[in-house]
Amino acid sequence: MTLLWPRELTGDAVTVAPRLLGGLVVHRGVAVRLTEVEAYTGADDPASHAYRGPTARNAAMFGGPGHIYVYLSYGIHRAANIVTAPAGTAAGVLLRAGEVVGGGETARSRRPGVPDTRLASGPGNLGRVLGLGLELSGHPFEVVPRLGGRLADAGPDDPHLLFVPARPAAAEISRGPRVGVGAAGDRPWRFWITGDPTVSKYRRGGTGR
DNA sequence: CTTCGGATTGGCT
DNA sequence: GCCAATCCGAAGA
C-alpha cells in the first residue's frame with residue numbers, strides 16, 4: 001500500500017524538519033530511522049544549494065514535496081534531502097544521521113569495521129549505508145504506513161525508495177545551529193533526537209555569523 | 001580559462 | 001586542531 005506524501009510533511013522546511021525525525025528511509029536493502037536532520041530553504045538562505053535559483057544540479061529541489069535531492073558533497077560523498085516545498089519553489093531537509101534498524105548486515109558490508117551506532121552518523125555516511133546514487137535525485141518517495149515485509153523482500157540491489165512516517169514526541173527533540181555551513185550557519189535549523197547515540201558530532205562552520 | 005572552496009570525513013599532530 | 005581526498009559550481013581574469 002502506498003500513500004500520498006503527507007500534508008504535514010509539506011511546506012516550510014524548518015517546520016517539517018522535526019516532523020521527519022523517527023521516520024524510516026529505506027533503499028537498497030537497508031532501513032534507517034532518522035535521528036538528525038537540517039532544514040534548507042531557497043532564495044532567503046545563503047547556505048542553500050537553491051540560493052541562486054534553479055540549476056541542473058539542484059533541479060530536484062524544485063521538483064515538489066516528497067522527492068529526493070541527492071548531491072555530491074566534496075566530490076566524495078552522496079548526501080540526501082527530502083524536498084518539502086511546492087513544485088517550482090525550493091526547500092528541503094538534509095538527512096544528517098540515523099539508526100540502522102533493518103538490513104544491518106548489508107549496512108555493515110558498506111562500511112566495514114564501523115560500530116553500529118556510527119554506521120549512518122553524518123550525511124555522507126548515511127548516503128553510503130543506503131547505497132544512494134546521484135541518479136536517484138528527483139525521484140519520489142513511496143510512502144508506506146509500516147515497513148512490514150517490504151525490507152525482507154528487498155535485497156541489497158532493490159532500487160525502491162520508501163519512507164515510513166513517524167510521530168516524534170516534541171519533548172524528545174533538540175534544536176541548534178546547522179553543522180559545517182559557512183553563511184547563515186547560526187540559524188538554529190538543525191533538529192535531532194535528544195541523547196540519541198547515532199547523532200553526528202557537531203562541527204562549526206568556517207565563516208558563520 | 002583558472003582558481004577557489006564547499007550542506008564531509010577519517011586520520012594524524 | 002589541522003589536513004588531504006576529489007569533484008563541480010561559482011566567480012574572477
Side-chain angles (χ1 to χ4, degrees), chain A residues 12-18 20-21 23 25 30 32 34-63 65 67-85 89-100 107-138 174-193 197-209:
Chain A
D12 173 45
V14 181
T15 303
V16 171
L20 292 171
L21 291 173
V25 174
V30 172
V32 166
L34 298 179
T35 58
E36 180 187 359
V37 296
E38 230 167 51
Y40 289 84
T41 63
D44 58 336
D45 182 4
S48 171
H49 289 172
Y51 183 51
R52 297 162 214 281
T55 66
R57 176 213 205 185
N58 68 21
M61 269 196 98
F62 294 81
H67 290 73
I68 191 170
Y69 164 49
V70 184
Y71 70 94
L72 187 62
S73 173
Y74 288 86
I76 305 170
H77 311 287
R78 281 146 201 88
N81 292 245
I82 293 177
V83 179
T84 67
T89 62
V93 176
L94 172 68
L95 310 184
R96 282 205 55 91
E99 173 194 1
V100 174
R108 283 186 287 272
S109 76
R110 290 177 181 149
R111 299 200 68 214
V114 174
D116 282 5
T117 55
R118 303 279 95 191
L119 282 173
S121 177
N125 295 332
L126 189 151
R128 164 67 63 96
V129 152
L130 286 176
L132 294 180
L134 295 179
E135 74 286 347
L136 203 62
S137 201
S174 295
R175 174 177 189 165
R178 295 185 287 190
V179 175
V181 301
D186 56 337
R187 294 185 189 178
W189 290 357
R190 172 188 179 228
F191 301 85
W192 66 95
I193 295 180
T198 65
V199 170
S200 72
K201 177 184 152 197
Y202 178 74
R203 293 195 191 196
R204 206 171 94 227
T207 56
R209 294 299 83 160

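A, B, ... follow the sequence lines: proteins, then strands. Residue 1 opens every chain.
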Problem - Candidates C:dA10, C:dG9, B:dT9 - which lies nearest the side chain of A:H77 - result: B:dT9
Exercise for the section: Kindly say if A:R52 contacts the phosphate of C:dA11, meaning a side-chain N or O under 4.0 Å from OP1 or OP2. Expected result: yes
Exercise for the section: Please report the closest heavy-atom contact between A:P65 and A:A85, naming both atoms and the distance. Expected result: CD-O, 3.0 Å
Handout entry: Side-chain donor or acceptor of A:R118 paired with backbone N/O of A:P197 under 3.5 Å
Key = yes
Problem - Distance (rounded to the nearest 0.5 Å) between A:S137 OG and A:R57 CZ - result: 10.0 Å
Handout entry: Spacing of A:L95 atom CG relative to B:dT8 atom P, expressed in whole Å
Key = 13 Å
Fill in the blank from the handout: With the side chain defined as heavy atoms from C-beta on, A:R57 is closest, among B:dT9, C:dG9, B:dA7, to C:dG9
Handout entry: A:D45 side chain vs A:A47 backbone, donor-acceptor pair below 3.5 Å
Key = yes
Handout entry: Between OH on residue A:Y69 and CG on residue A:L134, distance to nearest 0.5 Å
Key = 9.5 Å
Practice task
Using the P atom on both, measure B:dA7 against C:dA11 and round to a whole Å.
Solution key: 13 Å
Exercise for the section: Assign A:R203 to base, sugar-phosphate, or nothing according to its heavy-atom contacts below 4.0 angstrom with the strands shown. Expected result: base
Practice task
Report the distance from atom CH2 of A:W192 to atom P of B:dA7, rounded to the nearest whole Å.
Solution key: 19 Å
Practice task
Please check if the side chain of A:S48 supplies one atom and the backbone of A:T41 the other of a donor-acceptor pair under 3.5 Å.
Solution key: yes
Exercise for the section: Compare the minimum distances between each of B:dT9, B:dT8, B:dA7 and the side chain of A:S73, then state the nucleotide with the smallest one. Expected result: B:dT8
Practice task
Could you tell me the separation between the CG atom of A:N58 and the C1' atom of C:dA10, rounded to a whole number of Å?
Solution key: 13 Å
Handout entry: d(CZ, A:R178; C1', B:dA7) in whole Å
Key = 8 Å
Exercise for the section: Spell out, as yes or no, whether a donor-acceptor pair under 3.5 Å connects the side chain of A:N58 to the backbone of A:M61. Expected result: no
Problem - A:L134 CG to C:dC8 C1', straight-line distance once rounded to whole Å - result: 11 Å
Practice task
Enumerate the residues from residues 113-126 of chain A whose closest heavy atom to DNA chain B is under 4.0 Å, giving them by residue number; use none for an empty result.
Solution key: A:G122, A:P123, A:G124, A:N125
Problem - Test item: A:R111 side-chain N/O and A:L119 main-chain N/O as donor-acceptor pair under 3.5 Å - result: yes
Exercise for the section: Taking all non-hydrogen atoms of both residues into account, name the closest pair between A:V30 and A:L130 and its distance. Expected result: O-CD2, 3.5 Å
Exercise for the section: State the CG-CG distance between A:L126 and A:L94, to the nearest 0.5 angstrom. Expected result: 9.0 Å
Practice task
May I ask you to check whether over 12 heavy atoms, not counting those of A:R190, lie within 6.0 Å of atom CZ?
Solution key: yes
Completion exercise
Residues in residues 35-44 of chain A with a heavy atom under 4.0 Å of DNA chain C, by number, are none
Exercise for the section: Give a yes or no on whether a donor-acceptor pair under 3.5 Å exists between the nucleobase atoms of B:dA7, that is its base, and the side chain of A:Y74. Expected result: no
Handout entry: A:R178 side-chain N/O to A:A39 backbone N/O, donor-acceptor pair under 3.5 Å
Key = yes
Practice task
Give A:A47 one of three labels, base, sugar-phosphate or nothing, depending on what nucleic acid heavy atoms sit under 4.0 Å from its own.
Solution key: base
Practice task
For B:dT13 versus C:dA5, give the span between their P atoms, rounded off to a whole number of Å.
Solution key: 15 Å
Handout entry: For DNA chain C, stems built from three or more consecutive Watson-Crick or G-U wobble pairs below 3.5 Å
Key = B:1-6 with C:7-12, B:8-12 with C:1-5
